[in-house]
Structures are given as structure tokens and as C-alpha cells.
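What follows is one structure encoded as C-alpha cells, with my remarks underneath.
Scope of the values below: all heavy atoms of this structure, side chains included, with no hydrogens, waters or symmetry mates. Numbered from 1 within each chain, the chains take letters A, B, ... in sequence-line order.
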2 protein chains.
Amino acid sequence: MSRKRMKKVEKMDGTAGQDRQEAERSPRMEARRAAILEAAAEVFFEMGFERANLGAIVRRSGGSLSTLYQLFGNKEGLFEAMVTERCTDVMKALAEPDVPLRDPCTTLCGIAHAFMGVILRPDAQGLWRIIMSEGIKFPSLPEVYFREGPDKLIAHLSEYLVVLHRAGVADVPNPMDAARSFCMLVHSDLYYRVVTGMQPVPDDAALADHIRGAVAMFWRIIMPAGGGKTCHPDDISPSRG
Amino acid sequence: MSRKRMKKVEKMDGTAGQDRQEAERSPRMEARRAAILEAAAEVFFEMGFERANLGAIVRRSGGSLSTLYQLFGNKEGLFEAMVTERCTDVMKALAEPDVPLRDPCTTLCGIAHAFMGVILRPDAQGLWRIIMSEGIKFPSLPEVYFREGPDKLIAHLSEYLVVLHRAGVADVPNPMDAARSFCMLVHSDLYYRVVTGMQPVPDDAALADHIRGAVAMFWRIIMPAGGGKTCHPDDISPSRG
DNA sequence: GTGATAATGTAATCAGCGTTACAGTTTGGC
DNA sequence: GCCAAACTGTAACGCTGATTACATTATCAC
């Protein structure tokens, strides 16, 4: 092990694992790069870092192994580049969920649907597995994942909760903690069971039901003391909680 | 790939990956088995399934590679045996948390402390990473993990919530969902950040603070309509929620 | 066109590691 | 003590896969 590592460190110098950022890249190379990243995502998400092999990635992307090494340095570099790119890409929909402002529970349901819609996507599930298992070996990955994903959603959601609080329709002394809890209640352990393959991705009806239950609980957390006149009863399943 | 797999399947027959269960095992072998499982846990938890190598495990356990193969068949068999054993072992403390029955919030804080105490242990974190990443390839593992861990805690906790509900001190129409939500609020995304190495394990004070906040939120979910006279205000940090 | 440069395809290198074979050693019943 | 069976240690075997070397081909400014 030591010999190979040494060699690699010498070679990569300070830019180990970094995608080369030299000025302009030719458009042809840019296309290669995108294709390789796409193929890498498929393979890494399906197999995990160790089981994935570069041959399979090259076969799918159609390019050549040499190009891959020129662009990404080595397997780890490709891996980090792919995960980083996917994190910002997949989570884009989380930062600015396109949800109509209606009564609070309807809006919260909308946000929850957007949230679940993103994290249940196959590539988001793949990201999750990789972040959980490889986070220790690649510390930059969870960093990016949380910054681009959960943290952005939490910031956005907590802004909304502040609005509710100021308007007096909800009681949210600590909006960040409340937003965090919202996410936990919504993805619930359902997400773990889906990601591990114990359960299939729920269909729309089941998902809607689950979300109604989660939002109902969350509403009880932030509901003002007098009870929530602003929350339409129809949006809250009475059989949950 | 096909050749090797074929060979393995032929060899292992119907008992692939199964620990041999023939009648009595000699006490010497039993000791070997325990030592190998212990070493395997260390190595697998540190490296993950693929990166782990059997040589390192044998070196730590002190036995011989032959014995390992006799006992566990192959790497996968050892892995599955180790994870299965650890799941039932680590989670034992979850099934019957030894928590004094006091006012609800104090009791819930006690349960939460027991919960976090278990899942923050280094081997429990290792289990989590492995279940998340290898669950798809080894479907029996998440099965065991959830059955022995979360499900037992949820069952136990929901019994307690039923008691509260019947006594009229809490409003819990669906105790299973409520128990599930309790776990989510308690481990929170804090757990993700610890498991991925983004944050260190919180010290006692920070943990207690976190748990107070989580229990306070949970209490608002199950609090009866009139408000909770049964919950000591001292147990609930007012700055959270 | 033409030559310098960039990009590709292929094959070789090289180490790591799961697995197996086998020869030696210990154990426990008689 | 002795012998079958269980156990151990070591050294191969074979394969996979990351990495590199190199010869070939495309690109583009002039």
C-alpha cells in the first residue's frame, strides 16, 4: 500500500483529487467530461465506491480511460467530482421549492411533497447511501451534501415559519430547529426502509397519506396555544398522530 | 464474474452465507468464533465491506484463515454473521430501556438518553453506515437491524404512550406513528452529521440540551388540548421549538 | 496542406486479496 | 502412548482492477 500511495501523492501534488481547472476547456473535452460524470454517477450509485470499476464507467460513457485520467486524476478524483456535482444538481429543487402560498398546512404539505419528490429519486437515494458510508473517508462530501441539500431547505423553510410566527398563525420561537424537525418528521424512518431496499418507493396515494400524517404532527408542534383555526381540517388526516 | 460465482454457488449449495449450525461446537472453536467476530466487527466497521480484508481480520483475531473459512464459508458469510450478531447485541439495550417512571417528560427524556446512548456508540454508528450502504446487496441485514433495533424500541415506547393516553395525560391516537416520530425528533439530523464525521459525538451537556429540545417538541405533539400540567417546566427548555 | 498539440484505444504492469491446497500440529478418547 | 479427527499456518493460485505507457488518430491554427 505505501509504495503506491507515495507515488500517487508525489504525482498529484497539492491538487490530489481535484478536477483540473486550468482556464478554458475545449468543448469536446467538456462533452467528454459530462458523459463520464453521467456514467460514473450510474455506476457509483449502483455499486458504491469500491465495487465500481472504471472500465464499466468508460464502457458506458463511450470515451477512453486516458481521458478519464486526464480529467479527474484517479478514481477518487472522479468520485468526488461526481458526488459534488450531483449534490448541487439534485438538491437544486430543494432550495427554492415552487409551492403556492395557501393556508399553512397546505403549503407545508406542498413543501413536504417537493422534499420527498427529490430525496426519493434514485440518484438522491444513491447519494444518501454514499454520503452515509463514504463520508468518513471523503470528508468533503457530507460537507457539500448538507450545505447544498438539507441546510438550504431548512433555511428556506425557516424563513416561511418566521412569517407564520410574525403573523401570529403559528408559534415558532426557534424556526431553525422547527424546520429541522419538519424534515425529520417528513422523511421519517420510511426513508431508511426505502433506501435500504426493505420497502419500495411508496406510490402517490401512500406518499400523500404519509405526508398528511407528518404535517399533522408538525402542525401540533407549531400550533398556537388556542388551536389552529388556519389549518383546514381536510388537509389533516384525523387517524394519525 | 460468472465463473467464480458459479463455483461458489455450487460449493455453498443451499447454505450460502450461513454459519454452520451442526449440533455442538467445541468450546475451543466457540472461542475462535467469538474472537473472529470481534475482529471482523472492528475491521468491517472501520473499512466497510469491500475495503476490509480477511488478512487483517485474522491478524487481529489471532486465529487462522482456515478456521475462518470453516466457520463462515466466505467473506460474505462472515460479514452477515457479524452484522446479525451485532444487531441483536447492540440493540439489546433498546428493547428494555431501564428508565424510571416519573412525569412523562422526564421519562421520555430518559428513554431518549438511552436511545442516543446506544446509537451513538461507535459500533452502532458502524452498523448504521453498513446497513445504509450494504442493505441493497445484503437484504437480510436491514431486516435484522430494524427488527432488533428501531422496531423494538417503537413497540416498547408505544406501549408507554398508550398508558399515557389511557390515563388522559397525553393525546396519542396512533401510538406507533407517535413513537416513530419520537425517534426521528430525538436522533435528528444530528445523528447524520455525527455518523458522517461532520461533527464529533456531542458531550453530555450538549446531548442533554439537544434531548430536552426534542422532547419538548414531542410533548407538543402528544400534549392534550388543555395543555400539559403533567410536564415539569424545568424539563423543557423554553428556548427551543 | 502541414505540423504541433490534444485526444483516443489498447495493451501491459502491478499489487491486492479472496480463496484453496496442503503439510504440520494439537486435541481428546481409548 | 496412540490414533483419528479437528485445528492451524503458510504458501500458493487466480482473478480483478487501478494505473501507466505508448502508439495511433483527430483537431486546428497558419
Item to check | Ring-ring centroid check B:F45 B:W128, cutoff 6.0 Å | outcome: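 Not under 6.0 Å, so no.
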To the nearest Å, give me how far apart [atom1] ([X]) and [atom2] ([N]) are.
X     : N      : atom1 : atom2 : value
A:R59 : C:dG9  : CZ    : P     : 14 Å
A:Y69 : D:dT19 : OH    : C1'   : 5 Å
A:F72 : D:dT19 : CZ    : C1'   : 17 Å
A:L71 : D:dT19 : CG    : C1'   : 16 Å
A:E30 : C:dA7  : CD    : P     : 11 Å
A:L68 : C:dG9  : CG    : P     : 13 Å

Checklist entry - Do you know which two heavy atoms are closest between A:I57 and A:F44, and how far apart they sit? => result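 Minimum heavy-atom separation between A:I57 and A:F44: CD1-CE1, 4.0 Å.
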Item to check | Taking every non-hydrogen atom, the tightest pair across A:H210 and A:L185 | outcome: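 That closest heavy-atom pairing would be NE2-O, 4.2 Å.
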Using the 3.5 Å cut-off, write out each protein N or O paired with an N or O of nucleotides 8-10 of chain D and the distance between them.
residue, atom, partner, partner atom, Å
D:dT8, OP2, B:T67, OG1, 2.3
D:dG9, OP2, B:G63, O, 3.1
D:dG9, N7, B:S66, OG, 3.3
D:dG9, O6, B:S66, OG, 2.5

Show me, pair by pair, the donor-acceptor contacts under 3.5 angstrom made by side chains of residues 107-117 of chain A, not counting sequence neighbours?
residue, atom, partner, partner atom, Å
A:T107, OG1, A:P100, O, 3.4
A:T107, OG1, A:R102, N, 2.9
A:T107, OG1, A:D103, O, 3.3
A:H113, ND1, A:C109, O, 3.2

Checklist entry - Can you find a side-chain donor-acceptor pair between B:E38 and B:S61 that sits under 3.5 Å? => result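 Checked: B:E38/B:S61 side chains show no N/O donor-acceptor pair below 3.5 Å.
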Next on the checklist: Between the side chains of B:R86 and B:E80, is the shortest nitrogen-to-carboxylate-oxygen separation below 4.0 Å, so that they form an ion pair?
Outcome noted: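 No, B:E80 and B:R86 are not salt-bridged.
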Item to check | Pairwise side-chain contact, B:Y145 with B:V83, heavy-atom cut-off 4.5 Å (strictly under) | outcome: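 Heavy-atom side-chain distance check fails, nothing below 4.5 Å.
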Item to check | Greater than 12 external heavy atoms within 6.0 Å of A:D203's CG | outcome: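 Buried by this count: over 12 neighbours within 6.0 Å.
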Checklist entry - When you measure from every atom of DNA chain C, which of residues 37-58 of chain A have a heavy atom less than 4.0 Å away? => result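 Listed by number, there are none.
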